[in-house]
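Beneath this line is the structure, given in structure tokens, with notes to follow.
Chain identifiers are assigned alphabetically (A, B, ...) following the order of the sequence lines, protein sequences preceding nucleic acid strands; residue numbering begins at 1 within each chain. These numbers were taken from a predicted model, which means no experiment stands behind them.
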Number of protein chains: 2
Amino acid sequence: MSEQPIDRFVDTWGRMGPLWGVSASVARVHGLLMASERPNCLDEIGQRLSMSKGNVSMSLKELRGWGVIRQVPQRGDRREFYTCEPDVWKMLFSIMRERKKREFDSVMTGVREAVVEAEKSPEGVALERMKQLERMLGTFDLLADKLLAGESQARTLISFLTGSGKEGK
Amino acid sequence: MSEQPIDRFVDTWGRMGPLWGVSASVARVHGLLMASERPNCLDEIGQRLSMSKGNVSMSLKELRGWGVIRQVPQRGDRREFYTCEPDVWKMLFSIMRERKKREFDSVMTGVREAVVEAEKSPEGVALERMKQLERMLGTFDLLADKLLAGESQARTLISFLTGSGKEGK
DNA sequence: CACGATGTTCATAATATTCTGAACAAAGAG
DNA sequence: CTCTTTGTTCAGAATATTATGAACATCGTG
């Protein structure tokens, strides 16, 4: 059987899904598209991963929302074919941008509001620590916006950081 | 009612839980300990958050495992009291270290193995992309180990990054 | 030792999430 | 216009996760 390596990769990637904030199915579809040389259509994906058409359709929709896959029109074929974004770094940054927007930003707002409340009636509240936390989240926000703005700068920075460490050894 | 600000904070923090990779309950307990000036015991926590004793006990256990709370013996009281780690940065780094260990490392291994497999029978496999991915994960691993080794260095780096950006404006 | 207070564990109840499959839409071919 | 192929949606089934509460352990005290 020739599909063993792809299956293995799909499984691994699927397990990572929840870490990225998507279901295992979504991650598996993504994994298949990453590991496949050629674009796949909905039915192929469903067959390969033993998933219902509906689930595949929803998964593809979500992946489109994350901006990590592309539709590739196939001449003379009415079906939609999909490939993943070929640059893995671009992909990673799409995911991180999206996660930050969906999960981090609202929490930062919430903490900010909680601090405002706490300043009005601070009995028993560890106000200092909450402010510290607010400041930390703010710093993170700034840093994230800077790093996620364009992945090329971040890549340079990362290379620098990991590279300079090696030299110092 | 004086507990409104704390409740608000607890709710916000609870919503963040799944992002950190813990349940909302665990995050709520952590949130309460963060927001409370004084150490709390198991019963207080359960009462305040309307959680069963069992759930509080499990949540505290998990938080101990993450290294983000401390037991504070209270003289002349047999109950255990808990506070959170007072330094929010230290806390953040504990969480990130733990998440990396639990969720990232195994995936990197998996991808590595999948690449080895794929090299043996590469029909239809996007080998180049998978190797690219492997390399990226490796870079991340290196970077993470460097940044997470000690939080003071990372804090300096972060201050530098966010600070220098402001100057450039 | 017996008792009350504190804390833990775990079976299973409650809840939330995910997946399926059938109904439906759209669109090209005949 | 009708049939077939492709894709989408969503109610409800299947599954996974989380919380409860009762049983059990531990320990200090009288």
Side-chain angles (χ1 to χ4, degrees), chain A residues 10-11 13-33 38-66 69-83 99 102-103, chain B residues 10-11 13-33 38-66 69-83 99 102-103:
Chain A
V10 166
D11 286 351
W13 202 246
R15 248 175 277 127
M16 196 178 216
L19 172 63
W20 297 131
V22 301
S23 75
S25 289
V26 172
R28 287 168 65 80
V29 171
H30 187 213
L32 180 59
L33 294 179
R38 335 216 111 273
N40 292 66
C41 69
L42 193 146
D43 272 323
E44 284 177 301
I45 297 170
Q47 200 119 18
R48 192 75 180 253
L49 303 180
S50 305
M51 286 170 53
S52 69
K53 229 167 36 130
N55 195 7
V56 175
S57 177
M58 297 292 254
S59 296
L60 288 170
K61 186 183 180 183
E62 182 158 2
L63 290 171
R64 264 179 267 132
W66 284 88
I69 64 174
R70 297 176 182 188
Q71 283 167 320
V72 182
Q74 212 81 343
R75 190 184 178 78
D77 197 327
R78 196 148 69 69
R79 292 170 297 180
E80 294 283 2
F81 283 77
Y82 293 88
T83 351
R99 285 207 81 185
R102 295 188 194 187
E103 301 181 86
Chain B
V10 166
D11 287 350
W13 202 246
R15 248 174 276 128
M16 198 177 215
L19 172 64
W20 297 131
V22 300
S23 75
S25 289
V26 173
R28 287 168 64 79
V29 170
H30 186 213
L32 179 60
L33 294 180
R38 333 218 113 274
N40 292 67
C41 70
L42 193 147
D43 272 322
E44 284 176 301
I45 297 170
Q47 199 120 17
R48 190 73 178 255
L49 303 181
S50 305
M51 285 169 53
S52 69
K53 228 165 42 126
N55 195 7
V56 174
S57 176
M58 297 293 254
S59 296
L60 287 170
K61 186 183 179 183
E62 182 158 3
L63 290 171
R64 264 179 268 133
W66 285 89
I69 64 174
R70 297 176 181 188
Q71 283 167 321
V72 181
Q74 212 79 345
R75 190 185 177 77
D77 197 327
R78 197 150 67 71
R79 292 171 295 180
E80 293 284 1
F81 284 76
Y82 293 89
T83 350
R99 285 207 82 184
R102 296 187 193 186
E103 302 182 87

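Remark: Arg64(B) is in phosphate contact with dT8(C), judged by side-chain N or O atoms under 4.0 Å from OP1 or OP2. Checking the phosphate oxygens (OP1, OP2) of dG7(C), no side-chain nitrogen or oxygen of Lys61(B) falls inside 4.0 Å.
When rounded to the nearest whole Å, the span between CG of Leu60(A) and P of dT6(D) equals 15 Å. In this structure, Gln47(A) atom CD and dG7(D) atom P are separated by 14 Å, rounded to whole Å. At whole-Å resolution of the value, CD in Glu44(B) and P in dT6(C) are 11 Å apart. Distance Asp43(B) CG to dT8(C) C1': 13 Å, rounded to the nearest Å. A straight line from CD of Glu80(B) to C1' of dA5(C) spans 13 Å, rounded to a whole angstrom. At whole-Å resolution of the value, CD in Glu62(B) and C1' in dG7(C) are 18 Å apart. Straight-line distance from the CD1 atom of Ile45(A) to the P atom of dT6(D): 14 Å, rounded to whole Å. Separating the CG atom of Leu42(A) from the C1' atom of dT5(D) is a distance of 12 Å, rounded to the nearest angstrom.
Gln47(B) places no side-chain N or O within donor-acceptor distance of the main-chain N or O of Glu44(B), the cut-off being under 3.5 Å. Under the 3.5 Å distance criterion, the side-chain polar atoms of Ser57(B) are left unmatched by any main-chain donor or acceptor of Lys53(B).
Closest to the Ser57(A) side chain, of the nucleotides dT9(D), dT6(D), dT8(C), is dT9(D).
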Q.
Across nucleotides 15-30 of chain C, 5' to 3', mark each nucleotide with B, S or - according to how protein heavy atoms within less than 4.0 Å reach it.
A. ---SSBB------S--
Distance-only donor-acceptor hits, side chain of residues 72-79 of chain B, under 3.5 Å, sequence neighbours excluded:
| residue | atom | partner | partner atom | Å |
| --- | --- | --- | --- | --- |
| Asp77(B) | OD1 | Arg79(B) | N | 3.0 |
| Asp77(B) | OD1 | Arg79(B) | NE | 3.1 |
| Asp77(B) | OD2 | Arg79(B) | NE | 3.4 |
| Asp77(B) | OD2 | Arg79(B) | NH2 | 2.8 |

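If you take CD1 on Ile45(A) and OH on Tyr82(A), they are separated by 8.0 Å, rounding to the nearest 0.5 Å. We find the CD-CG distance between Glu80(A) and Leu60(A) to be 10.0 Å, quoted to the nearest 0.5 Å. In this structure, the separation between CD1 on Ile69(B) and CG on Leu33(B) is 6.0 Å, given to the nearest 0.5 Å.
Under the side-chain contact (heavy atoms from CB on, under 4.5 Å) criterion, Met58(B) pairs with no residue, sequence neighbours left out.
Residue contacts shown for Arg28(A) are absent, as no nucleic acid heavy atom lies under 4.0 Å away.
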